[in-house]
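In what follows, chains are A, B, ... by sequence order, proteins preceding strands, each numbered from 1.
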Amino acid sequence: MAADSLHNFTLVITGAPYSSQAPQTALSFARAALAKGHTLDRVFLYGDGVHLASALCAPPSDEPHWPAQWAAFLKDNAVPGVACIASALRRGLVNDAEQKRYELPACNLLEPFMIAGLGEWVEATMASSRVIYFHAGA
Amino acid sequence: MAADSLHNFTLVITGAPYSSQAPQTALSFARAALAKGHTLDRVFLYGDGVHLASALCAPPSDEPHWPAQWAAFLKDNAVPGVACIASALRRGLVNDAEQKRYELPACNLLEPFMIAGLGEWVEATMASSRVIYFHAGA
Amino acid sequence: MAPINTLHILNKAPEHPRSLACMSVLQSGDALLLTENAVLALAVNSIDPGVPVFALAPDLAARGLESGIQGASLVDYAGMVDLTTHAQKLINW
Amino acid sequence: MAPINTLHILNKAPEHPRSLACMSVLQSGDALLLTENAVLALAVNSIDPGVPVFALAPDLAARGLESGIQGASLVDYAGMVDLTTHAQKLINW
Amino acid sequence: MSTLMVIDQPPYGTWAGREALDMAFSLAAFDQSVTLLFTGSGVNWLRMSQQPGGVEQKSLEKNLSAAPVFGVEAIYADAAACARYGLTVENMIAGVAIASSSELLPKYTHTAFAG
Amino acid sequence: MSTLMVIDQPPYGTWAGREALDMAFSLAAFDQSVTLLFTGSGVNWLRMSQQPGGVEQKSLEKNLSAAPVFGVEAIYADAAACARYGLTVENMIAGVAIASSSELLPKYTHTAFAG
């Protein structure tokens with residue numbers, strides 16, 4: 001891959017909002033990358049990072065709503081956002097299909113986030129020229 | 001407080017299940033404490049520990065279901081389990097009252113866990129003779 | 001059991017900053033209980049905190065360390081409860 | 001901008017084991033980008049990784065460290081993007 | 001009961017310190033004795049002129065400045081950690097006393113970290 | 001693309017290493033070149049005779065033993081970390097090669113930690 005040319009990025013977020021700074025740094029990076037003409041292949045949430053796709057966060061009104069900000073960014077820019085299914089099921093993040101399959105009382109996945117397997121991450125690493133990981137900082 | 005006599009314990013869990021070992025160690029400790037005749041004043045979930053009260057976890061069938069095991073333990077022994085409201089709202093854990101207040105699409109609190117303020121923790125530290133914290137290990 | 005002033009309960013691996021902080025404040029009359037990741041300290045040769053050391057046996061066993069461990073008394077969860085009630089004071093690191 | 005072989009992006013405080021691991025593998029031709037908690041390394045006097053050091057300005061400013069910082073070039077998020085595309089390879093610690 | 005809340009994680013990168021501060025304020029609100037100790041990389045909470053607008057967070061410096069109002073008895077900073085991070089009376093927020101963690105810890109009946 | 005998955009967190013106490021292993025297995029399942037490196041306290045994954053029944057977890061030793069079957073190319077352990085934790089050929093699981101992290105890292109085009 002040539003340096004300094006236009007790139008197709010994959011962002012992997014493994015740190016949870018309101019616990020780590022990862023979702024904020026990733027969003028600032030994502031905005032800056034698009035502003036420079038680069039593209040985002042997809043955003044993949046893994047481990048504790050899947051909490052970013054929760055539809056039920058209600059942070060104090062004077063704090064940023066990271067799930068809502070991320071969801072708006074993904075919609076506005078038609079970037080796919082995918083939460084790893086194995087991480088999500090363990091941590092209580094489900095869409096309506098998983099709700100039915102596991103007979104759970106509700107679903108809490110925030111649109112436009114999707115739930116899919118690690119194959120999405122593998123595909124992304126192959127399709128993009130840069131993969132950046134945003135981990136928790138402690 | 002006299003050592004070696006019967007005690008009233010408060011357990012505070014700040015580590016999330018499927019991310020830290022805290023909920024498992026705390027549950028084994030809680031069972032052992034009751035078996036010795038001690039009492040549990042209450043269990044308080046704080047920070048990332050509030051994820052233990054999620055009704056939507058679906059771990060692989062060959063892994064323990066920590067929220068379900070904890071919920072059964074609390075019911076069987078009539079021990080109050082309280083998730084801190086500020087930690088819970090930030091992290092997407094809500095009961096039906098908070099769902100209505102914040103106009104959220106669902107609620108995901110697992111019974112018999114309750115949601116309440118840090119005053120519950122303060123009360124617990126005053127009411128019990130031993131407060132034990134179960135933090136994440138990394 | 002000898003009296004314990006402060007029981008320090010440590011669950012972090014030896015590299016963790018809080019583990020180092022815990023080791024640096026132990027005083028005569030205290031005791032140290034290693035749980036979860038902290039039992040790995042017993043695989044590191046240089047550990048000598050200068051106070052009685054206890055370690056949670058189920059955590060040692062999980063990590064393949066139960067046999068041949070020196071320098072620590074093994075306890076189960078019931079023994080952990082006893083330590084917490086026997087000590088005058090607890091610090092959970 | 002000088003060529004960068006591997007750009008090491010570090011977001012952990014200086015005490016974190018992964019921060020120490022990162023510092024120990026830097027090679028000539030590499031560069032180090034400090035973000036989030038890792039910018040605190042610039043408050044510690046002894047930091048000299050032997051490769052070009054960059055630091056994310058918004059993270060420095062948040063921590064009261066933006067003015068008078070020596071030993072690192074400040075970048076904003078756009079500059080961080082440029083570093084990641086300019087480098088041949090990335091490691092996110 | 002006298003509580004020592006210990007903050008040993010740096011500001012902004014994690015929420016644990018923020019939540020420890022909430023715990024301290026709650027104790028004080030219920031008229032319980034509570035003291036704060038900043039140690040390790042947690043002493044970076046105490047640096048003056050924090051400008052967190054660029055990372056879209058609230059100022060923890062401002063947050064912490066409410067401690068005396070809430071009734072927090074004292075704010076201590078570990079001497080060795082301050083030295084390591086270049087914190088001196090010149091660049092530290094007001095109202096912080098320098099102490100040694102090992103001398104402070106035995107003085108409280110209840111010690112807590114937020115995570 | 002050649003991937004080096006690095007596991008630097010100890011087994012059982014956190015899930016990050018477990019999830020790193022899943023990432024490695026996924027790459028292998030899609031016929032991508034992947035190698036595992038255990039370093040820091042992560043080398044404790046490699047100790048023989050893990051008995052996690054008492055902490056109600058699945059054996060990570062057993063989990064890891066599936067790596068060659070899945071097509072993981074090699075498993076390396078950092079020499080310095082093994083020495084620190086007393087890991088030798090006698091008490092380490094089979095199939096692990098000893099290496100130095102600093103020599104290994106430059107050889108892969110993609111390096112990842114799970115968290």
Side-chain angles (χ1 to χ4, degrees), chain B residues 1-41 43-49 63-64 66 69-70 73 77 79 121 124-125 128-138, chain C residues 1-23 29-43 52 54-63 65 74-93:
Chain B
M1 255 61 72
D4 285 331
S5 53
L6 287 183
H7 281 268
N8 184 27
F9 283 92
T10 288
L11 310 189
V12 181
I13 302 177
T14 69
Y18 311 111
S19 175
S20 81
Q21 212 186 322
Q24 175 264 315
T25 305
L27 183 54
S28 297
F29 182 92
R31 287 179 175 141
L34 292 191
K36 286 195 163 277
H38 301 296
T39 50
L40 295 177
D41 188 73
V43 176
F44 191 75
L45 309 183
Y46 196 61
D48 292 338
E63 289 183 26
W66 296 116
Q69 284 204 28
W70 258 108
F73 173 84
N77 299 287
V79 173
W121 166 71
T125 61
S128 55
S129 50
R130 288 288 184 275
V131 184
I132 314 212
Y133 295 84
F134 295 89
H135 298 308
Chain C
M1 205 189 291
I4 298 174
N5 183 7
T6 297
L7 176 68
H8 299 264
I9 305 179
L10 176 65
N11 75 335
K12 310 285 189 290
E15 287 78 7
H16 195 287
R18 203 175 286 172
S19 174
L20 304 173
C22 170
M23 295 294 179
D30 291 353
L32 177 63
L33 170 60
L34 304 172
T35 70
E36 303 179 353
N37 287 341
V39 301
L40 297 174
L42 298 173
F54 300 87
L56 203 47
D59 280 317
L60 278 167
R63 291 154 183 89
L65 283 169
L74 269 53
V75 293
D76 57 10
Y77 294 105
M80 179 177 174
V81 171
D82 288 344
L83 283 171
T84 63
T85 59
H86 184 69
Q88 292 301 315
K89 201 183 115 178
L90 309 173
I91 299 183
N92 295 97
W93 293 86

Can any side-chain N or O of C:N5 pair as donor or acceptor with the backbone N or O of C:G29 at less than 3.5 Å? no
Taking 4.5 Å as the heavy-atom cut-off, does anything in residues 8-21 of chain B contact chain C, and if so which residues? B:F9, B:Q21
Sort B:A35 into side chain, backbone, both or neither according to what part of it lies under 4.5 angstrom from a heavy atom of chain C. neither
C:H8 backbone acceptor or donor facing C:D30 side chain under 3.5 Å: no
Ignoring hydrogens and angles, tell me if any N or O in the side chain of C:D59 forms a donor-acceptor pair with the backbone of C:E36 under 3.5 Å. yes
C:L83 and C:M1, any side-chain heavy atoms less than 4.5 Å apart: yes
Ignoring hydrogens and geometry, is there a side-chain-to-backbone donor-acceptor pair from B:R130 to C:T84 under 3.5 Å? yes
Main-chain N/O of B:F44 paired with B:W121 side-chain donor or acceptor, under 3.5 Å: no
Closer than 3.5 angstrom, by distance alone: can the side chain of B:S28 be matched with the main-chain N or O of B:Q24 as a donor-acceptor pair? yes
Relative to chain B, which segment of C:A78 carries a heavy atom at a distance below 4.5 Å: side chain, backbone, both, or neither? both
